[in-house]
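Heads up, the thing below is written out as structure tokens.
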Amino acid sequence: MPELPEVETVRSDLARLACGDEVVEVKVNENRVFRDDPSGGRDLVQMEGQFVSAVMRWGKYLILLVSPDQNYRPVQQFGRSIIPSVDWSDHAVTAVLLHLGMSGQILLLGDRAEDPRHLHLTIGLSSGTRIGFADTRTFGRVLVSSGMGAGPLNEIRHLGADPIQDPCGADLAFDRTSGSVSPIKAQLLDQGRICGVGNMYADEILIRAKVHPRTPGTNLSNRDISALKRSVYRVFEEAISLRGSSLKDMTYKDVSGQPGMFQERHLAYARAGRPCLICGDSIVKERFQNRYSHFCPNCQKLGPCD
DNA sequence: AGGGGCACCTGTATGC
DNA sequence: TGCATACAGGTGCCCC
Ligand SMILES: [Zn+2]
């Protein structure tokens, strides 16, 4: 599943492939990807003839900046705090937002005869490169942002701190954690507090911090909060360097179809019944809010008394 | 206000 | 073999 490290891997590959290229052709095969786009995809088609200025990311959203000016580049293209602070109101720039949902893939396409199934959208570039958006479960979506100017894009205004993009991302993200009774895992999954964490990385963060997923925020010590912050960085930085996690189902692969390698470092996710790599006890799998949590009942205790 | 529940979707795996 | 069911889960919306 594409979460922050997978989307970041796609972002950096796509930036290398597409920056400076002209959008020659936009082809739409499946209108449902535009269900949240006010123009139903027409605005994207009208970008033919414009140029890719940058490929950015906030949480699990990919952000393509497209401009009629071939030489325009946003000031902080490779820096941090891009979305909240850069003022591009003096440029003719449009942001295209892509969310991969559960099974969305950005793919570097080859021969047309070998196009994959569920290819909903293709973007042809002047270099000859064809970029595809394929998505079997169709939870992914694409939309052209309505508002550019100072401050965040309207459509992702609700997102909280991005722990990698924001200089103090994890500090910002955890400032309200111990004031809420919500289970810590629900707080990690809340994109309005910290964005980019999904079910898989939530479990990997929690087991490294030795915190039980159902611990209410109000029961967390300062030590727990510090451990959680450190785990967020540890997990995301290592997962990005290993190009994300690809499981058996291969719902995530990179733009060239290659798997990531962070799944080999998993301590909890998809390891139910196998030994905890810290203490040897069996990892358990437990229903949690329409998903599953994977954790070690010995390393991650719920209360002070058990 | 904020938290819980659910719809959306389809390929794969499992059970009878 | 075939049909039914479970499962994977991010997001947004409804409801309390
Ligand atoms: Zn353990």
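Order of the sequence lines fixes the chain letters, A, B, ..., with proteins taken first and strands second; residue numbering starts at 1 for each chain. Owing to the predicted nature of the structure, the values given are computational and were not obtained by experimental measurement.
- Phosphate proximity of C/dT11 to A/Q191: present, with a side-chain N or O under 4.0 Å from OP1 or OP2.
- Proximity of A/R193 to the phosphate of B/dG3: a side-chain N or O atom is located under 4.0 Å from OP1 or OP2.
- Across all strands, A/Y269 comes closer than 4.0 Å only to sugar-phosphate atoms, never to a base (heavy-atom distances).
- The shortest non-hydrogen separation linking A/A95 to A/I63 is CB-CG2, 4.1 Å.
- Residue A/K248 places none of its side-chain N or O atoms closer than 4.0 Å to OP1 or OP2 of B/dG11.
- A cation-pi arrangement is present between A/R287 and A/Y292, with the terminal nitrogen or guanidinium carbon under 6.0 Å from the aromatic centre and inside a 45° cone about the axis.
- For A/H99, the side-chain atoms get nearest to C/dT11 when compared with the rest of C/dT11, C/dC7, B/dG3.
- Taking only side-chain nitrogens and oxygens, A/R291 comes nearer than 4.0 Å to OP1 or OP2 of C/dG10.
- Closest contact between the side chain of A/R141 and the listed nucleotides B/dG3, C/dA8, C/dT11 involves C/dT11.
- Of the candidate nucleotides C/dC7, C/dG12, B/dG11, B/dG11 has the atom lying nearest to any side-chain atom of A/H118.
- For A/E3, taking side-chain heavy atoms from C-beta onward, the closest of the listed nucleotides C/dT11, C/dG10, B/dG11 is C/dG10.
- If you check every strand for non-hydrogen atoms under 4.0 Å, A/R117 touches sugar and phosphate atoms only.
- At a threshold of 4.0 angstrom between heavy atoms, the contacts of A/R176 with the nucleic acid are absent.
- Nucleic acid contact class of A/M102 (heavy atoms, under 4.0 Å, all strands): base.
- Among the heavy atoms of the strands lying under 4.0 Å from A/S182 are primed sugar atoms or P, OP1, OP2 only; no base atom is included.
- Side-chain proximity of A/R32 to C/dT11, B/dT10, B/dC6: nearest is B/dT10.
- Note on A/S180: only backbone sugar-phosphate atoms sit closer than 4.0 angstrom, heavy atoms only; bases stay farther off.
- No side-chain heavy atom of A/I131 sits under 4.5 Å from any side-chain heavy atom of A/F133.
- Taking 4.5 Å as the limit, every side-chain heavy atom of A/H212 sits out of range of all side-chain heavy atoms of A/I184.
- Each of A/V144, A/L121, A/L143 was checked for a side chain to side chain contact (heavy atoms under 4.5 Å, CB included) with A/F34, and the lone residue meeting it is A/L121.
- At the heavy-atom level, A/D135 lies nowhere under 4.0 Å from the strands shown.
- In this structure, the nucleotide among C/dG12, B/dG4, C/dG10 sitting nearest to the side chain of A/Q289 is B/dG4.
- Between A/H158 and the phosphate of C/dG12, there is a side-chain N or O to OP1/OP2 separation shorter than 4.0 Å.
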